[in-house]
Chemist: 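Structure in structure tokens, see below.
Please read all numbers here as calculations on a predicted model, not as lab measurements. Per chain, numbering begins at 1; letters A, B, ... match sequence-line order. Computation of the quantities below employed the complete heavy-atom set of this structure, encompassing side-chain atoms and omitting hydrogens, waters and symmetry-equivalent molecules.
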Number of protein chains: 2
Amino acid sequence: MELKHQATVTLAEVADAAGVGESTVSRVLRNHGSFSGKTRDRVMAAVERLGYVPNRIAGTLASTASRLVAFVIPSLSNIVFPDVLRGASAVLEENRYQAVFSVTDYDPTKEEALAAAMLAWRPAAVMLAGYEHTEGTVKMLRASGCRIVEMLDVDGDALDLAVGFSNGAAGRESAAFLLKRGYRRMGYVGHDLTRDTRAGKRFAGFCETLATGGAPLADREILAGASSVENGRLGLERLLARTPDLDAVYFSNDDMALGGYFHCLARGIPIPGQLAIFGYNGLDIGRATPQPLSTIRTPRVATGQVAAQLVVTNAPPQVVDLGFELIEGATA
Amino acid sequence: MELKHQATVTLAEVADAAGVGESTVSRVLRNHGSFSGKTRDRVMAAVERLGYVPNRIAGTLASTASRLVAFVIPSLSNIVFPDVLRGASAVLEENRYQAVFSVTDYDPTKEEALAAAMLAWRPAAVMLAGYEHTEGTVKMLRASGCRIVEMLDVDGDALDLAVGFSNGAAGRESAAFLLKRGYRRMGYVGHDLTRDTRAGKRFAGFCETLATGGAPLADREILAGASSVENGRLGLERLLARTPDLDAVYFSNDDMALGGYFHCLARGIPIPGQLAIFGYNGLDIGRATPQPLSTIRTPRVATGQVAAQLVVTNAPPQVVDLGFELIEGATA
DNA sequence: ATGAAAGCGCTAACAC
DNA sequence: GTGTTAGCGCTTTCAT
């Protein structure tokens, strides 16, 4: 059986081959409108025979109804975002939407440029992380008329849709937990907070509750660059060198916390006897370490799922707080 | 200043506002063809004033030259694929290409369906993992006329372009290293190999060299489902319960190996004195553990970068072997 | 240097 | 139930 390996087959050719009109082919293919069973069979046979693949570029242009969903995310190194994409793409695929993405490296200016590039594809929705966008981004997004979903945070004013959880509350709850456990001299190890504003909100919440509880933060070590296990390890080493008598350390996320945990293992520092460790994210790996990591588990995959669901159902503007779960673990 | 918040501005409206023809606006915007500086200024002013965002759907249809690149990847949970995407998206963004993706869950049938859906967007290229595709996928891809890039493996017959490294060689080299270190009674802990065929190739290469070296694989534990730290831990526990006298264990990847490592830490099994551990991938976390993980580092980000580069430069069909690097570490 | 006009491949009225 | 036709918003000859 020969296939056309060259020029692409068009709907018009299928129509000719099936001996029907173009719109009939279109109806059959989209299973929309009415047509007889016999016609459908003739069309499908022609489609099969010619190896026809519909052109959604043309279809989208003609219908002015896009099924592209644009993700403008800060990073792909931090597992948080692949998790969100994973949740979203499952829902989108089921609904015949297509995911498009680009990566901002936590740079709001780059976010603006990439959002602009995305809008040129006339997506049904633009999915972003958090609320901190440039004025230009906001203006552009608003003017575009497409749905906007701000993910992974609910502490702010949503442009349209928002799905996630409160980072401030996560920080406060972490602090409350450590206070309740009796820790009084606490430190913080984090990564670049000016870029990762959600980590900044957690830190602010953490400090706030600590201060209220009468045990203000004793010391902090903030490393330049992205979060990583190595940076967590290095950060804890530096922090302890400066302030050796800390009894607990809060990390900007689980990657960082694991680094701290490894540092303690390597140095023989008893956990949590001498030093408690608390993270954020609830990564699976934290459950398999010799001592399960004390942390807060965030619904990352669910955030993506719900975000996608809201878009495909064209839900009214709203903020969905998915909450989070504190995992006691064994390191605090 | 008022902006049009409603109907989208078209190129024709910009042309009117600037008092020039549509084609002139098009030339200016794409900086292609000739036009006077004065005309350019007039056009740009109109673009600015109206808040015009070009419609790439229409542009792509008109030019029949797509700048979409489609990724059909097995998973987003396994950090390998986000890494590849990260490398690729950086290069694509620089070249004004747009990345589109969908996730197959390691299912070739789903891969076929998703590839078909992708082709409907008329991408410039389709990027896949490995060589194992259904007949239908291959036929469809070939007929599409777009570039095809098979990533993360070079052991097979490339459809068009291929970028990666040899999984078979990685398995063999791992075995050779362990043999050279003097281990003679080795086991394997892996995840579902029928789905992750690249892991299967590593395992096959590993066994081959072990047999040749006169120390055939002593035992294996293969877990259903995806790789994970928890599965690695569980797998090693089971393996040792059955065959306690192993002196080294090869894992299907670093996630699994870390699970094994944690198991040993928890049980107080001396590493590598009593048991050596060897992984695959060279994840950053493996360098921050109390003992650096012995593993093979793979160029995942580079794979994405090179794959994208080949596509944007429209390189001739070829296979690019990026190689890998054995990391001695301290666990073997 | 610039404009007019003919598509790109499809969808969506609107007739029949 | 089915065909005809007019766009969707651009790019691209081809004149001028």
Side-chain angles (χ1 to χ4, degrees), chain A residues 4 7-44 46-47 50-68 96 117 119-124 144-145, chain B residues 4 7-44 46-47 50-68 96 98 119-124 144-145:
Chain A
K4 303 194 69 154
T8 65
V9 183
T10 68
L11 182 142
E13 300 179 61
V14 174
D16 276 0
V20 300
E22 293 187 38
S23 50
T24 300
V25 178
S26 178
R27 286 187 203 103
V28 171
L29 256 28
R30 285 174 303 131
N31 193 29
H32 179 276
S34 51
F35 44 83
S36 70
K38 195 166 56 185
T39 303
R40 189 197 51 234
D41 295 344
R42 288 240 303 285
V43 169
M44 293 315 279
V47 164
L50 300 177
Y52 172 67
V53 178
N55 184 331
R56 289 189 84 174
I57 297 281
T60 301
L61 181 61
S63 69
T64 62
S66 167
R67 278 182 174 262
L68 284 176
R96 306 190 345 104
L119 287 178
W121 291 100
R122 297 294 188 270
S144 75
Chain B
K4 304 191 69 154
T8 65
V9 184
T10 68
L11 183 141
E13 299 179 63
V14 174
D16 276 359
V20 300
E22 293 186 37
S23 48
T24 300
V25 176
S26 178
R27 285 186 204 103
V28 170
L29 255 28
R30 285 174 303 128
N31 192 30
H32 179 278
S34 51
F35 44 82
S36 71
K38 196 166 55 183
T39 302
R40 189 196 52 233
D41 295 344
R42 288 238 302 283
V43 169
M44 293 316 279
V47 164
L50 300 177
Y52 172 66
V53 177
N55 184 331
R56 289 189 83 173
I57 297 279
T60 301
L61 180 61
S63 68
T64 62
S66 167
R67 278 182 174 262
L68 284 176
R96 308 191 346 107
Q98 186 60 65
L119 288 178
W121 290 101
R122 297 294 187 269
S144 75

Chemist: Grab the CD1-P distance between A:Ile57 and C:dC10 for me, whole Å please.
Modeler: 11 Å
Chemist: For a quick check of understanding: with a heavy-atom distance under 4.0 Å over all strands, which category does A:Thr60 fall into, base, sugar-phosphate or nothing?
Modeler: nothing
Chemist: Looking at B:Arg27 and C:dG3, is any side-chain donor or acceptor paired with a base atom of the opposite kind under 3.5 Å?
Modeler: yes
Chemist: Below the 4.0 Å mark, does C:dT11 have OP1 or OP2 next to a side-chain nitrogen or oxygen of A:Ser26?
Modeler: yes
Chemist: Round to the nearest Å and state the distance from A:His32 atom NE2 to C:dA12 atom C1'.
Modeler: 9 Å
Chemist: Drop me the distance from B:Ser23's OG to B:Phe35's CZ, to the nearest 0.5 angstrom.
Modeler: 12.0 Å
Chemist: Considering just the side-chain nitrogens and oxygens of A:Arg56, establish if one lies under 4.0 Å of OP1 or OP2 belonging to C:dG9.
Modeler: no
Chemist: Whole angstrom is fine here: how far is it from CZ in B:Arg30 over to P in D:dT13?
Modeler: 10 Å
Chemist: Between atom NZ in A:Lys38 and atom P in D:dG1, what is the gap in whole Å?
Modeler: 13 Å
Chemist: Could you check whether A:Ser63 gets within reach of a base, just the sugar-phosphate, or nothing at all, counting any heavy atom under 4.0 Å?
Modeler: sugar-phosphate
Chemist: Please tell me if the side chains of A:Val20 and A:Arg42 come closer than 4.5 Å, counting only heavy atoms from C-beta onward.
Modeler: yes
Chemist: Please classify the nucleic acid contact of A:Gly19 as base, sugar-phosphate, or nothing, using heavy-atom distances under 4.0 Å.
Modeler: sugar-phosphate
Chemist: Supply the atom-to-atom distance A:Tyr52 OH to A:Leu29 CG, rounded to the nearest 0.5 angstrom.
Modeler: 6.0 Å
Chemist: When the distance from CZ of B:Phe35 to P of C:dG3 is rounded to whole Å, what number comes out?
Modeler: 13 Å
Chemist: Could you tell me whether the phosphate oxygens of D:dT11, OP1 or OP2, come under 4.0 Å of any side-chain nitrogen or oxygen in B:Ser23?
Modeler: no
Chemist: Between B:Thr39 and C:dT2, is there a contact of a side-chain N or O with OP1 or OP2 at under 4.0 Å?
Modeler: yes
Chemist: Have a look at B:Thr10 and say if it touches a base, only the backbone sugar-phosphate, or nothing, with a 4.0 Å heavy-atom cut-off.
Modeler: sugar-phosphate
Chemist: Is any side-chain nitrogen or oxygen of B:Thr24 closer than 4.0 Å to OP1 or OP2 of C:dT2?
Modeler: no
Chemist: Nearest 0.5 Å please: distance from the CZ atom of B:Arg122 over to the CG atom of B:Leu68.
Modeler: 12.0 Å
Chemist: What's the CG-P distance between B:Asn55 and C:dC8, to the nearest Å?
Modeler: 18 Å
